[in-house]
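Down below is the structure, laid out as structure tokens.
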Amino acid sequence: MMVSLSYSSTMPQEAPPACLIVGEQANLQRIGFSDVETLISHRVSAKVFNEVVSDIGDSEGVSLYPKSVTIATLSSKRSRHTTPTAAHHMMDTVSKHLPKSGDSAVVVVVCLRQHVFACGSAVARAFPTYSLKTRDVTTRDVTVCFVTPDDTSPLSDQDIKVLSSTATAIRLAADIVDRPRNEMTCDDLVKCAVKIGQDLGVDVTVISGEQLKEQGFGGIYGVGKAAESPPALCVLSHKPAGATKTIAWCGKGIMYDTGGFSIKTKTGMPGMKRDCGGAAGILAAFKATVECGFSENLHAVLCIAENSVGPRAAVPDDIHILYSGKSVEINNTDAEGRLVLGDGVAYARKDLNADIVLDMCTLTGAQGITTGQHHAALLSNNAQWESCAVTAGLSSGDMVFPIVFAPELHFSEFKSSVADMKNSVANRSNAQSSCAGLFIGSHLFDDYSKPSPIVWLHVDMAYPVHVGERATGWGPALLLTLFGRYSTSGLLSNIAPVLPADQASKRPKHDEMC
């Protein structure tokens with residue numbers, strides 16, 4: 001079923017064929033029948049509604065009218081490392097409990113005002129857009145409304161625009177990740193990015209194929225040169241008047257990862273269409289951020305390649321010179337994401353003169369072992385920005401958790417006798433996810449031991465990028481929240497963390513940034 005998703009600041013005046021009322025038990029018990037009367041009164045009495053709301057348990061769904069009206073509760077269980085919004089339960093709850101009848105439906109989200117963005121974003125994940133199924137090709141209009149018991153004022157038109165743009169971004173990111181390689185090649189992602197750039201009216205730069213080799217992008221070129229669809233660096237640049245900071249978001253866009261000559265197994269390779277999740281999230285987040293209004297320079301740096309096997313493919317023992325000028329001995333062709341992002345972050349520093357660099361990627365299988373399926377791994381050279389990212393994750397529902405930043409203990413894993421470094425660790429039991437991130441950062445910084453004015457955040461979201469066989473559209477909600485202080489949207493700026501004052505332009509203390 002194809003779903004057209006929209007958000008509204010008011011309840012529809014006509015009852016839809018299907019309605020789901022969803023929220024935490026405590027919030028549901030703070031609303032009255034009058035809050036949803038126009039949607040359900042033709043089928044459900046106030047008495048029945050009030051009785052169900054007072055008795056419903058945690059993580060439960062109750063049908064108020066068969067196949068038409070359901071009320072469902074989100075789990076109230078949470079620890080200090082889990083989002084207070086319960087957004088991580090929303091996708092499954094909406095998918096499971098929204099009645100399937102009719103060509104239209106309304107989802108009523110009951111939540112605190114400060115949780116509207118996270119909950120609204122999470123609802124979007126329940127409605128993926130990509131499918132080539134030849135059955136159930138019907139369409140459905142779904143409207144999302146909010147009841148906020150702590151603040152009865154309606155959401156503004158700008159708030160609805162932000163929610164709509166973010167939902168579109170989440171579904172776009174998921175659509176790119178869900179598409180198979182024969183439908184989403186390097187060329188296809190470049191075309192998608194160029195079209196978005198043109199629609200937004202921003203500058204677009206594309207360096208592809210042999211141009212990468214000529215201009216010194218040995219990481220992206222070396223990984224993607226064997227594929228039929230040429231590798232590319234695609235950069236979208238939003239440069240508003242009066243900007244004082246330059247922010248670069250770098251995304252890993254491996255359109256398919258066979259592992260190269262260090263080839264994956266028959267069970268390890270399926271699903272590797274998802275290795276572009278970082279670039280998909282960055283591109284979609286950039287689109288929504290610019291649409292919502294952004295006061296600083298913002299660049300989306302997409303590092304796009306397909307890791308294929310063929311006569312031109314890189315092999316172990318090859319040495320590549322990356323855009324940073326550093327040499328890398330290849331000892332594992334299946335550690336390719338760090339190579340393309342090494343070029344991306346170096347470009348952000350050398351060509352974009354970025355103050356803040358964030359890379360996002362499906363980088364390591366070890367991420368799932370380190371931080372699990374719900375939290376992306378976060379590595380940063382800056383303690384204050386690390387804290388801000390964790391806060392933004394809890395506020396947005398795209399949760400992150402810090403991993404150890406200790407280059408003096410871990411970077412020696414890449415020691416090479418013939419190059420500046422190898423691309424894969426010697427000891428796979430020594431903080432793999434941290435090591436992989438440090439490899440990327442080494443092409444942004446000349447020396448980890450010296451303080452740097454550049455803020456760097458590395459986000460490894462290999463596991464949160466999908467649930468089962470479906471992409472989650474992970475990333476846009478996090479980025480819009482983390483950088484919400486630079487947005488013209490009140491909804492975003494109100495939930496955004498308080499960023500370190502002028503952190504990117506002021507020389508930090510050594511213990512805050514390394």
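For clarity, every value in this text was computed on a predicted model and none was experimentally measured. Numbers here simply count residues along the sequence, with the first being 1.
In this structure, Ser295 contributes its side chain and Tyr486 its backbone to a donor-acceptor pair below 3.5 Å. Between the side chain of Arg140 and the backbone N or O of Val3, no donor-acceptor pair lies under 3.5 Å. Not one N or O on the side chain of Glu386 forms a donor-acceptor pair closer than 3.5 Å with the backbone of Ser380. Looking only at distances, a side-chain donor or acceptor of Gln13 sits under 3.5 Å from a matching main-chain atom of Met11. Of the possible polar contacts, none joining the Lys245 side chain to the Ala243 backbone as a donor-acceptor pair under 3.5 Å is found. With hydrogens and angles disregarded, a donor-acceptor distance shorter than 3.5 Å links the side chain of Asp35 to the backbone of Gly32. With hydrogens and angles disregarded, a donor-acceptor distance shorter than 3.5 Å links the side chain of Gln367 to the backbone of Gly372. The closest donor-acceptor contact from the side chain of His238 to the backbone of Phe294 lies under 3.5 Å. Between the side chain of Arg179 and the backbone N or O of Lys273, no donor-acceptor pair lies under 3.5 Å. Here the side chain of Asn381 pairs a donor or acceptor atom with the backbone of Trp456 at under 3.5 angstrom.
Within a 6.0 Å radius of CD in Glu183, other residues, nucleotides and ligands contribute more than 12 heavy atoms. Heavy-atom neighbours of Phe33 CZ from other residues, nucleotides or ligands within 6.0 Å: above the threshold of 12. With a 6.0 Å radius and a threshold of 12 heavy atoms from other residues, nucleotides or ligands, Lys133 has its NZ atom at or below the threshold. Other residues, nucleotides and ligands contribute only 12 or fewer heavy atoms inside 6.0 Å of the CG atom of Asp157.
Cys292 is listed as a side-chain neighbour of Ser165, based on a closest heavy-atom distance under 4.5 Å. For the pair Leu379/Ser434, a side-chain contact is recorded, criterion being any heavy-atom separation below 4.5 Å from C-beta on. Looking at Leu457 and Leu378, their side chains come closer than 4.5 Å, going by heavy atoms from C-beta outward. Between Met255 and Leu189 the shortest side-chain heavy-atom distance falls below 4.5 Å. Residues Leu163 and Val116 form a side-chain contact, since some pair of their non-hydrogen atoms from C-beta on lies under 4.5 Å apart. Using a 4.5 Å heavy-atom threshold, the side chains of Lys287 and Leu172 count as touching. Side chains of Pro17 and Lys67 form no contact here, defined as non-hydrogen atoms less than 4.5 Å apart. Ile40 places a side-chain heavy atom less than 4.5 Å from the side chain of Phe49.
Rounding to the nearest 0.5 Å places NZ of Lys252 at 11.0 Å from SG of Cys303. How far CG of Asp460 is from OG1 of Thr364: 3.5 Å, rounded to the nearest 0.5 Å. Rounded to the nearest 0.5 Å, atoms CG (Leu283) and CD1 (Ile304) are 8.5 Å apart. Atom OG of Ser487 sits about 7.0 Å away from atom CD of Gln158, to the nearest 0.5 Å. Taking OG1 of Thr370 as the start and CD1 of Ile403 as the end, the distance is 6.5 Å to the nearest 0.5 Å. Note that the OG atom of Ser237 and the CG atom of Asn297 stand 8.5 Å from one another [nearest 0.5 Å].
Residue Pro464 comes nearest to Ala376 through the heavy atom pair CG-N, 3.7 Å, listed as atom of the first residue, atom of the second, then distance. Closest approach of Ala118 and Gly397 over heavy atoms only: CB-N, 4.3 Å. Shortest non-hydrogen contact noted between Cys276 and Thr362 is N-OG1, 4.5 Å. Pairing each heavy atom of Cys111 with each of Asp150, the nearest pair is O-OD1, 4.2 Å. In terms of heavy-atom proximity, Met360 sits nearest to Trp474 at SD-CZ3, 3.8 Å. Taking each heavy atom of Cys388 and Pro497 in turn, the nearest pair found is O-CG, 3.5 Å.
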How far apart are the C-alpha atoms of Val177 and Tyr130, what are their side-chain angles, what is the distance that settles it, and do they pass the side chain to side chain contact (heavy atoms under 4.5 Å, CB included) test?
-> CA-CA 9 Å; Val177 173; Tyr130 179 76; over 6 Å; no
Asp187 and Lys191: CA distance, side-chain angles, deciding distance, salt bridge (Lys or Arg N to Asp or Glu O under 4.0 Å) verdict | CA-CA 6 Å; Asp187 282 337; Lys191 290 175 183 176; 5.9 Å; no
Stepwise, does the side chain to side chain contact (heavy atoms under 4.5 Å, CB included) test hold for Ser387 with Val390?
-> CA-CA 5 Å; Ser387 178; Val390 171; 5.8 Å; no
I would like to know whether Ile71 and Ile56 meet side chain to side chain contact (heavy atoms under 4.5 Å, CB included); could you show each step before the answer?
-> CA-CA 9 Å; Ile71 188 166; Ile56 194 169; 4.0 Å; yes
Please test Ser156 against Asp159 for side-chain hydrogen bond (donor to acceptor under 3.5 Å, both in side chains), starting from the C-alpha separation and ending with a verdict.
-> CA-CA 5 Å; Ser156 68; Asp159 294 340; 3.1 Å; yes
Run the numbers on Asp103 and Thr138 for side chain to side chain contact (heavy atoms under 4.5 Å, CB included), then give the verdict.
-> CA-CA 8 Å; Asp103 58 1; Thr138 56; over 6 Å; no
Audit row: Asp92, Arg125, salt bridge (Lys or Arg N to Asp or Glu O under 4.0 Å) steps and yes/no = CA-CA 9 Å; Asp92 182 62; Arg125 296 191 176 98; over 6 Å; no
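At a cut-off of 3.5 Å, with distance as the only test, no side-chain donor of Thr166 or Ser121 sits close to an acceptor on the other residue. Looking at Ser493 and Arg485, their side chains never bring a donor and an acceptor atom within 3.5 Å of each other. Side-chain contact, Asp58 with Thr73: no donor N or O sits under 3.5 Å from an acceptor N or O.
Using a 4.0 Å cut-off between charged side-chain N and carboxylate O, Asp175 and Arg171 make no salt bridge. For the pair Asp275 and Arg181, the salt-bridge criterion is not met [side-chain N within less than 4.0 Å of a carboxylate O]. Lys239 has a carboxylate O that lies under 4.0 Å from a charged side-chain N of Asp203, or vice versa, which qualifies the two as a salt bridge. Note on Lys77 versus Glu24: no salt bridge recorded, every NZ/NE/NH1/NH2 to OD/OE distance being 4.0 Å or above. Salt bridge annotation for Arg470-Asp178: present, with a cationic side-chain nitrogen under 4.0 angstrom from a carboxylate oxygen.
Of the residues listed (His97, His89, Met90), the one engaging Val22 in a side chain to side chain contact (heavy atoms under 4.5 Å, CB included) is Met90, and it is the only one. Put simply, the residue from Thr148, Asn27, Asp151 that forms a side chain to side chain contact (heavy atoms under 4.5 Å, CB included) with Leu112 is Asn27.
Between Trp385 and Phe405, a ring centre-to-centre spacing not shorter than 6.0 Å is recorded.
Aromatic ring orientation, Trp249 versus Phe483: tilted (interplanar angle from 30° to 60°).
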